[in-house]
Every structure is written in structure tokens, then in C-alpha cells.
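To find a chain, count down the sequence lines: A is the first, B the second, and so on, and within it residues start at 1. Atom set for the values below is all heavy atoms of this structure, side chains included, hydrogens, waters and symmetry mates excluded.
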Amino acid sequence: METTPQSPADEKPLVLLSQPLFPEFAAALAGRYRFVLAADADAAAAAVARVLLVPGLAPVTAEHLARLPALELVAGTSVGVDHVDLDNCRSRGLSVTNAGPAFAVDSADYAVGLVVAVLRRVAAADAYVRRGRWAADGDYPLATKVSGKRVGIVGLGNIGSRVARRLAAFGCAVSYHSRSPKPSSPYTFVPALLDLAAGSDVLVLSCALTDETKHMVNRTVMEALGKDGVLINVGRGGLVDEPELVRCLRDGAIGGAGLDVYANEPAVPPELFGMDNVVLSDHRAVITPESIRGVLEVVTANLDAFFSGRPLVSPVQL
Amino acid sequence: MASAIAAATAPPTGAQHSVLLLRRANDYLAATLRARYRVLSFYDSGAPLPAFLAASAALEPEPPRAALVVGGGAIRLDTAFLDAAPYLRCVVTTAAGLDHVDLAECARRGVLVAGAGEVFSTDVADHAVGLLIDVLRNVSAADRYVRRGLWPVQGDYPLGSKLAGKRVGIIGLGSIGSSIAKRLKAFGCVIQYHSRRPKDGVSFGYFHDMISLATESDALIVVCALNDQTRHIVNKEVLGALGKDGVVVNIARGGNIDEAELISALREGKIAGAGLDVFEKEPVVPAEFFSMDNVVLTAHEAVFTTESGSDLCDLMIGNLEAFFDGRALLTPVLPK
């Protein structure tokens, strides 16, 4: 295929964008690549573009991808890439990369923060004290121990493995469920999610959202987790049947939840706002200034590798 | 008064040892005690403390040799107390701290003291780490933000700050401080500490003065006992040395920090945030904290979980039985 004539100014490789770049990204990457918003790309650019950078969570559909016949790589800046039509990528033989381990540490830290916040009622106690109720109404009710709790981790990847290591340091007993066992992991593999839930006090979701995992946490799983059990979700809202979660919390079928992700962000089921045994966050588990720099490094590494024909740094298995 | 004491509890059967109960006992604690001992409960007696202690001296066949007391400032086991209860030979305290017991006076009189051992250590350590994560990553603040419905309206809450690589200065490396260190190492924090003397067999960096520790730390965690040397150990100078990106977590005693200076430092942006489970005048918390989003406040609950309550009860009974059997205390504070 004829490429458009290249002047020195055009020698930077062309990268299409599914949505605008964050200012920090734009500043860091502008000198190295030529960015064009896919929606604004002229016919010539669309015909030759080999890379689509997806710097956010706006959906990338089969229709979007169909407009780019020369496409070879879809590079994401998030850990979860369920907003990209992966089936379409697979059938077209496209490579897909994600943020790799860039967010793993911060996600794991936040997941543990949610575990402690829910079990020890930190956020609820903070609200209690702030309203002057300690002096007026006496001590906040007892919370429950973190150390020694049985923790079940769903998805033992970059994030799940770090959650495991942190909670093991708290003296928790850690088991996990994933597509296949990890032989190098010191934790107990549990083949069935239902069994993991039944044997856990805390269930942490840190796996990808796929057709297989959508709504994997349903009423049956939550009832197995039980009335003293706590659900922590730092994966994707779609992993949980959200209306059912609200019902289980309301009915006391489970003991509490720490949620960073929801089915329809930024909408959060308002019934949760009145619950003391729930800690809510605005999909921020991954975000610290240092992790943004980390993502930039991974994205740059993937793009550089692609354009120089080297193996990708953080390919997603499709 | 004597009749009020006698009416408090009648011993079930036979001769049992008597025990002074100087705390508001929850049902489980009281029931467990009453199954084994004749319990003289101060709070049930309704008498003033000196009268209660004097009346207990007259108890037949023998006065109570052991007393169970809680911390938190309500009752102080000081010279006045010990003078009023010379029959007492053993004090069992159920608090994590010992600042309510005059240990020097007890030692002088040969009064045994049993503490809470490490019953609380893991729970306090868990809570301390939870507070640190909360302050650095704005967990409670984000929870408030989402609950107020602001996420769809104002977008994401501001970024927090990473834990990994943070230099955490632990003030007091006893069993709680060590448990905190163990947990934070798994988060990739750099651990360093200050205590009266360096600890043998510990690889963490030791700082022999607080200003140096604060200067070289991104976070300070107060885990030391409250005594004359440690009152206001975190003061204006230490907060200044910690710096505008630094945070402080206190799960020890309110008196370990100069609370007024802390409020100023926060208000003026001289430090970045604080996580506080204890205050100088509990349960009164300075209202200045209530409008600060970079502060996390909990109600002196680091020690309290449903599990530690029953662990503590078992330990307390174990210590009393050891004392009455003439065996060594399970968790002796005195004799050392």
C-alpha cells in the first residue's frame, strides 16, 4: 500500500487515539509519536494506521476497529481492557497491550486499605467521630479482626499476587481462584469459585472482566461467602451482579463490601450510601501520580517495541 | 457502705477468692469472673472509690488480693489508691497501655502487675496500617465524597500518594511497632525507628533522636507508651521536621502528640495529613479536625475487636488463676 509522502516532520510514527490523551500523557509522548484522534483521521491516515492507543475507558467497538484496515496493535493504558472488543481483535489477529504491572502496587495497596476499612469500620468510625457522636453517644461498636481472616483472591495476576503478599503479612490465610493454578505461588488454589467463597471470610476480586467472568459473583456465591463475609472489588463492576449485591447487603446475606468499581460508573447504587458496612471509592485504586508515570513507561515501552519489531512488553492473552 | 458492697454479688458456693473489679464489665467478662471468684464491683457499688476500697478491707474471710482494672484514665493505680488498699497484692490490667498504673509505686510495695501481653498487638497494628493507607490514599475521604453523590458531578477525587518506598518512622518498636513494621514491609515501605535504645537483632535504621527521625521520614507512627519522657514526643519541632508532605499516625495515647500544635501544622499545611485513633481529652475531639479532609479520625478502637475481647478475657482469667495458685503471672509487667 502506498504510504503518504513523509516529510521530516512526519517521521514520528503515526498513532491513532480512541479518545483524547490526558495532558500528562500528551506532554510526555508528543515528541515521539504523531497523534491523531481516530474520529478526526482523514481517509489516508485511517488506511495506514497500525496502532490505536486507547488512553481511557471509552468503548472501542468492532465498528471503530473496522475503520482501520492496517491496524495491528491496540495499546491500552488501563489494566482491564474489557471496554475493547477483544473477540474482534482476536479474530483479526490484532495484538492488545494493557498497563501491565504499572498499577499493580497501588491497586493492591488500595484493596488492602478497603479490607481494613470495611472490617475495622474505619470510614464509618471517621464519619461517627466527625459528627461529634463519640462524645455524645459513646464508643463506636466493635469491629472485627483483620489478622487471621481467611482471604480468597479471585485472579492471582499482578494485582492479586500483591494483595496476597500484603494480607499474608497481616497473618491472613490466603487462597485463590483463577483460570489455572500458578505452580510458583505459595497460596492454596481452589478450583471452584463457590468453594473459595464458602471457605473465605474476605473475597477479593482482582481478575479481568470477560464473558466467562461477567457476574461471576452472583447470589449463590454471596450466600456462600456468608453473613459475616466481606466482598472487595477492585476489578470491574461487571464481575458482580450489582442489584443482587445491594439486596444481599440489605438483607444481611453478606457482612460488608469495599467497592472501587461499579456496573455503570460513575453511578453508584444510592442504597449503598446509607450502609455503614460498605466503603465506597471512585475507581481510584490505581491512581497515584507515581503510577501515572509508571503507565507512561509501559505504554512507551510497548509502542517503541512495536515500531522496532521487538516483543511487546505487556500483551494481553486474548 | 458495707451493705452496698455485700449486695453487689453473693458468692455462688463455697469459699472463693475475692477480686476487685474496677472497670465497667461487659456481660461476658463479668459472667466469666463471677463463675470463679467473688467479685466486688466498684461501678456497681455506687460508692466513692476511697469508701469502696476501705470497705473492701473488711471483707471476710479475706480482703480481695487482686484487682482488675481498665486503662483510659478513669481510675489511676497511684499512691493514693495503693495507700487505700494495702491488702492488694496483684493488679491485672486489661489495657494495652500502662500509663494509668504507677509501676514504680507497685514495685516498691511488691505488688505484682499483669498486663495485656500481646493480645492487642495484631489488632492495633492492623488498625495503624489501615489508618496509614487511609491517610495516604484518601480512603475515608473518597468514601464521603462518593456518598455525597459528588462523583458524577465533580469527577474523580484528587490523587493520593503511593505507599511503596515511603520511609516510615516508627516511634517505639515493641510488639505493636514490630507487627506494624512486618506489615508495612510487605507494602514496600522503608522501616526505621526511634526508641530509648536500639533493639538487638533488628535490621531497621535506628534514629536516636526524634528530629532526625522526622527529617528522614515520610510518615511517623506513634506506638510508644505514654510517660513523662514521651509526653508530646511529637511536638512543633518534630512536625516541622516531618515536613509538608509528611503524615503522622497515632494509635498510642493522645498525650504523645501536642494536639494544639498538630492542629496548627495541619491548618497551615506544614504537614500533609494525620490518622488519629487517640486524643488528649477523649471522647472530646477538637472540632477543628472535623472539616479537615486530610485527617482520619477513629474512636480509640484500635484495640477493640470482637475477637480480642474474648482473647483478653481468657488472658485475664489466666493471670488471676496463676496469681491465686502462687504461679508466675502469664503476662507479668512486674516483677520484670
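The shortest distance between side-chain heavy atoms of A:Arg131 and B:Phe290 does not fall below 4.5 Å. Side-chain contact between B:Trp151 and A:Val268 is present, with at least one heavy-atom pair separated by less than 4.5 Å.
Heavy atoms of A:Leu272 lying under 4.5 Å from chain B belong exclusively to its backbone. Contact of B:Val153 with chain A is not made at all, since no heavy-atom distance falls under 4.5 Å. With a 4.5 Å cut-off on non-hydrogen atoms, B:Arg144 touches chain A through its side chain but not through its backbone. At a 4.5 Å heavy-atom cutoff, the contact between B:Leu297 and chain A is made by backbone and side-chain atoms alike. Heavy atoms of B:Val139 lying under 4.5 Å from chain A belong to its backbone as well as its side chain. Only the backbone of B:Phe289 comes within less than 4.5 Å of a heavy atom of chain A; no side-chain atom from C-beta onward does. For B:Leu184, no part sits under 4.5 Å from any heavy atom of chain A, backbone or side chain. Both the backbone and the side chain of B:Asp123 come within less than 4.5 Å of a heavy atom in chain A. For A:Val105, the part lying under 4.5 angstrom from a heavy atom of chain B is the side chain only.
Taking B:Asp277, B:Asp143, B:Val295 one by one and counting their heavy-atom pairs under 4.5 Å with chain A, the maximum is reached by B:Asp143. With chain B as the partner, the residue from A:Arg121, A:Arg120, A:Glu265, A:Arg165 showing the most heavy-atom pairs under 4.5 Å is A:Arg120. Contact count versus chain B (heavy atoms, under 4.5 Å) is highest, among A:Gly274, A:Ala143, A:Gly132, A:Ala117, for A:Ala143. Ranked by heavy-atom pairs under 4.5 Å with chain B, the list A:Leu280, A:Val116, A:Val115 is led by A:Leu280.
By the 6.0 Å and 45° rule, B:Arg147 does not stack over the aromatic ring of A:Phe273. Within the cation-pi definition used here (under 6.0 Å to the ring centroid, within 45° of the axis), B:Arg183 qualifies as a partner of A:Phe170.
Remark: A:Asp241 engages no residue in a salt bridge (Lys or Arg N to Asp or Glu O under 4.0 Å) (not counting sequence neighbours). Residues passing the side chain to side chain donor-acceptor pair (under 3.5 Å) test with A:Arg150, sequence neighbours excluded: A:Asp201.
With hydrogens and angles left out, the side-chain atoms of A:Asp126 and B:Ser140 include no donor and acceptor closer than 3.5 Å.
Between B:Lys162 and A:Asp106 there is a salt bridge, since at least one side-chain N of the basic residue sits less than 4.0 Å from a carboxylate O of the acidic one.
Between the A:Arg162 side chain and the B:Phe187 main chain, no donor and acceptor come within less than 3.5 Å of each other.
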